[in-house]
Amino acid sequence: MLDGYEMYDLTQPWSQDTPAWPTYDNPKIWYEKSLDTEKVNGQKIEFMNHTGTHLDGEKHFIAHGRDIESMPLDELVSDAVVADISDKVGEYDVYTSEMIEDVCDVREGDILFIHTGFQKYAWHREEADPHAFFCKHPGPNMEFAEWCREMDLNYLILDCGSADHPMNTVVRDVRPELAAEARDHLGVDDLDEIFPPEGYQLMHTELFPHGIVHVENAQVPEELLNERVQIGTFPWRFRGGESSVCRCVAFKEA
């Protein structure tokens with residue numbers, strides 16, 4: 001325990017039941033060695049990087065971007081703020097920078113944790129609902145990405161399946177019935193009115209070139225909502241890694 005600090009785990013549990021991002025393979029875990037035969041347990045794991053709580057690195061979307069090993073510890077561990085906008089947004093809603101600034105003291109260079117409330121639908125929760133968690137959560141449009149750049153945010157952390165609105169991802173194409181729901185909810189005939197093709201997956205394409213990456217599938221306890229803390233994200237020291245599973249921890253002065 002660090003003297004004078006309380007630690008909070010912001011990470012989902014991880015198992016063979018942890019769902020990967022839609023269209024990605026789910027994890028497989030098996031015993032290559034077991035106590036009954038070799039007198040030792042040895043597991044083998046096969047999984048996509050984007051499974052459970054994970055850090056999307058620059059190389060995920062940029063060929064010449066930094067790999068995970070290239071992200072220094074003093075970038076991964078830094079000042080942070082948790083913005084609770086869960087009472088402002090619901091299914092398919094678009095959130096804005098104003099919503100964030102209304103609820104917390106976000107400062108230039110911060111790590112920003114965006115609490116949408118959709119962590120309650122994560123795979124390990126009592127209300128688990130993968131359709132809501134991955135395909136119906138709120139998300140931003142270009143205004144928000146531009147604000148992130150203006151604030152020179154360190155990186156973002158999300159309590160849902162993607163930093164992008166699901167209708168600005170492949171979900172719009174693979175779940176057309178949900179796209180129809182979203183159009184009705186948002187009051188548009190064509191989702192391109194809100195998410196034009198040139199801004200596809202903008203939280204990745206617009207921010208990663210500026211070094212503003214993000215952690216997806218995280219969670220945060222109620223006592224940290226709208227609080228300033230320190231957060232550390234600890235991925236593998238993954239040379240060549242485009243992304244990595246990670247452990248996220250918040251540190252708050254006791």
Going by heavy atoms in the side chains, are [X] and [Y] under 4.5 Å from each other?
X: Leu10; Y: Pro221; answer: yes
X: Glu227; Y: Val82; answer: no
X: Leu225; Y: Val220; answer: yes
X: Arg183; Y: Asp189; answer: no
X: Lys136; Y: Pro166; answer: no
X: Trp236; Y: Ile68; answer: no

Assess whether side-chain contact (heavy atoms from CB on, under 4.5 Å) is satisfied between Trp147 and Ile100, documenting all intermediate values. CA-CA 11 Å; Trp147 174 80; Ile100 301 294; 3.9 Å; yes

Check the orientation of [X] and [Y]. Use parallel for under 30°, tilted for 30 to 60°, and perpendicular for over 60°.
X: Trp14; Y: Phe47; answer: perpendicular
X: His165; Y: Phe195; answer: tilted
X: Tyr92; Y: His185; answer: tilted
X: Tyr121; Y: Phe118; answer: perpendicular
X: Phe251; Y: Tyr5; answer: perpendicular

Quick check: does any side chain N or O of [X] sit under 3.5 Å from a backbone N or O of [Y], one acting as donor and the other as acceptor?
X: Asn49; Y: Ser243; result: yes
X: Asp56; Y: His214; result: no
X: Gln219; Y: Thr11; result: yes
X: His54; Y: Gly52; result: yes
X: Asp192; Y: Pro197; result: no
X: Tyr155; Y: Leu76; result: yes
X: Ser97; Y: Phe144; result: no
X: Ser78; Y: Glu75; result: no
X: Asp190; Y: Glu193; result: no

In this structure, are over 12 heavy atoms from other groups packed under 6.0 Å from [X] atom [atom1]?
X: Arg149; atom1: CZ; result: yes
X: Arg247; atom1: CZ; result: no
X: Leu73; atom1: CG; result: no
X: Lys28; atom1: NZ; result: yes
X: Glu198; atom1: CD; result: yes
X: Glu101; atom1: CD; result: yes

Whether [Y] and [X] form a salt bridge (side-chain N of Lys/Arg under 4.0 Å from carboxylate O of Asp/Glu) is what I want to check.
X: Lys120; Y: Asp159; result: no
X: Lys252; Y: Glu223; result: no
X: Arg228; Y: Asp110; result: yes

Hey, could you give me the [atom1]/[atom2] distance between [X] and [Y], rounded to the nearest 0.5 Å?
X: Glu32; Y: Asn41; atom1: CD; atom2: CG; result: 12.5 Å
X: Asp173; Y: Met167; atom1: CG; atom2: CE; result: 9.5 Å
X: Thr53; Y: Gln12; atom1: OG1; atom2: CD; result: 4.5 Å
X: Asp102; Y: Thr96; atom1: CG; atom2: OG1; result: 7.5 Å
X: Gln119; Y: His124; atom1: CD; atom2: NE2; result: 8.0 Å
X: His115; Y: Leu158; atom1: NE2; atom2: CG; result: 11.5 Å

Which atom names give the shortest non-hydrogen contact between [X] and [Y], and what distance separates them?
X: Ala122; Y: Ala128; answer: O-CB, 3.3 Å
X: Asp25; Y: Ala20; answer: O-CB, 3.3 Å
X: Pro72; Y: Arg66; answer: CD-NH1, 3.9 Å
X: Ile62; Y: Pro209; answer: CD1-N, 3.3 Å
X: Met151; Y: Arg107; answer: CE-C, 3.6 Å
X: Gly109; Y: Asn154; answer: O-CB, 3.4 Å

hydrophobic_cluster_shared for [Y] and [X], side chain cutoff 4.5 Å:
X: Trp123; Y: Ile29; result: no
X: Val229; Y: Leu55; result: yes
X: Val171; Y: Tyr24; result: yes
X: Phe238; Y: Ile45; result: yes
X: Leu156; Y: Val94; result: no

Test log, rule salt bridge (Lys or Arg N to Asp or Glu O under 4.0 Å), inputs Glu177 and Arg175 = CA-CA 5 Å; Glu177 78 283 11; Arg175 297 295 303 275; 2.6 Å; yes

Is the closest side-chain donor-acceptor distance between [X] and [Y] under 3.5 Å?
X: Thr116; Y: Tyr95; value: no
X: Asp164; Y: Ser162; value: no
X: Asp79; Y: Gln230; value: yes
X: Trp21; Y: Glu216; value: no

Report task. Could you go through the side-chain contact (heavy atoms from CB on, under 4.5 Å) check for Val213 and His60 one step at a time? Result -> CA-CA 10 Å; Val213 295; His60 182 34; over 6 Å; no

- Query: Stepwise, does the side-chain contact (heavy atoms from CB on, under 4.5 Å) test hold for Phe61 with Thr205?
  - Reply: CA-CA 7 Å; Phe61 268 70; Thr205 58; 3.7 Å; yes

Q.
Evaluate Val249 against Phe234 for side-chain contact (heavy atoms from CB on, under 4.5 Å), listing each step before the verdict.
A. CA-CA 8 Å; Val249 181; Phe234 305 101; 4.2 Å; yes

inquiry  = Run His50 and Glu242 through side chain to side chain donor-acceptor pair (under 3.5 Å) and show every step you take.
reply    = CA-CA 10 Å; His50 306 267; Glu242 51 87 12; 3.1 Å; yes

Paired with Ile157, the side chain to side chain contact (heavy atoms under 4.5 Å, CB included) test is passed by just one of Asn217, Leu112, Ile231, namely Ile231

